[in-house]
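Take this structure first; my questions come after.
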Amino acid sequence: MNSKKVVLITGSSTGFGRLFTETLSGKGHTVFATMRDPGGRNAKNASEIHALAERDSLPIHVLQLDVTDDDSAQLLSTTWFAD
């Protein structure tokens, strides 16, 4: 049985979100690590996560998501998780 999962984590730039991103991807789970503004104010954090994924061959995808913005959530769902 394959126990690998696909996980969506919010707030992946710092704190528990970052910890869960690193831990779960390290266990082989595919992680969609979301954060606000990964190309702007969180660019350093996004870059660090990309570097970690590259260095350790981890299945991490850094994505833009502001959970307080319906348009942001809709864009993410239609771009990445559409049927």
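What you are looking at is a predicted structure, and each value in this text was computed from that prediction instead of being measured.
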Give a yes or no on whether the backbone of K27 and the side-chain of K4 come within a donor-acceptor separation of less than 3.5 Å. yes
Quick note, ring pair (Phe, Tyr, Trp, His ring centres under 6.0 Å) partners involving residues 33-53, not counting sequence neighbours, are none
Taking only residues two or more places apart in sequence or in another chain, which ones pass salt bridge (Lys or Arg N to Asp or Glu O under 4.0 Å) with R18? E22, E48
What is the minimum heavy-atom distance between S12 and M35, and which atoms define it? C-CE, 4.1 Å
What residues, two or more places apart in sequence or in another chain, satisfy side-chain contact (heavy atoms from CB on, under 4.5 Å) together with T34? L8, T10, L63, L65, L76
Tell me, please, which residues at least two apart from T30 pass side-chain contact (heavy atoms from CB on, under 4.5 Å). V6, F32, P59, H61
For the student: nearest non-hydrogen atoms of V62 and A46, plus distance: CG1-CB, 4.0 Å
Closest heavy-atom contact between A33 and I60? CB-CG2, 4.0 Å
Are F16 and V31 grouped together when hydrophobic residues (ILVMFWY) are joined by side-chain heavy atoms under 4.5 angstrom apart? yes
S77 side chain to Q74 backbone, donor-acceptor under 3.5 Å: yes
Qualifying salt bridge (Lys or Arg N to Asp or Glu O under 4.0 Å) pairs with a residue from residues 31-43, counting only residues at least two apart or across chains: none
Residues which pass side-chain contact (heavy atoms from CB on, under 4.5 Å) with V7, listed by chain and number, not counting sequence neighbours: K5, I9, L24, H29
Enumerate the salt bridge (Lys or Arg N to Asp or Glu O under 4.0 Å) contacts for residues 70-80, please, sequence neighbours excluded, ordered by first and then second residue. none
Can you tell me how far the CG atom of L52 sits from the OG atom of S47, to the nearest 0.5 Å? 11.0 Å
Taking only residues two or more places apart in sequence, or in another chain, which ones meet E54 in a side-chain contact (heavy atoms from CB on, under 4.5 Å)? none
According to side chain to side chain donor-acceptor pair (under 3.5 Å), who are the partners of S57, at least two apart in sequence or on a separate chain? none
For S13, what residues pass the side chain to side chain donor-acceptor pair (under 3.5 Å) criterion, not counting sequence neighbours? none
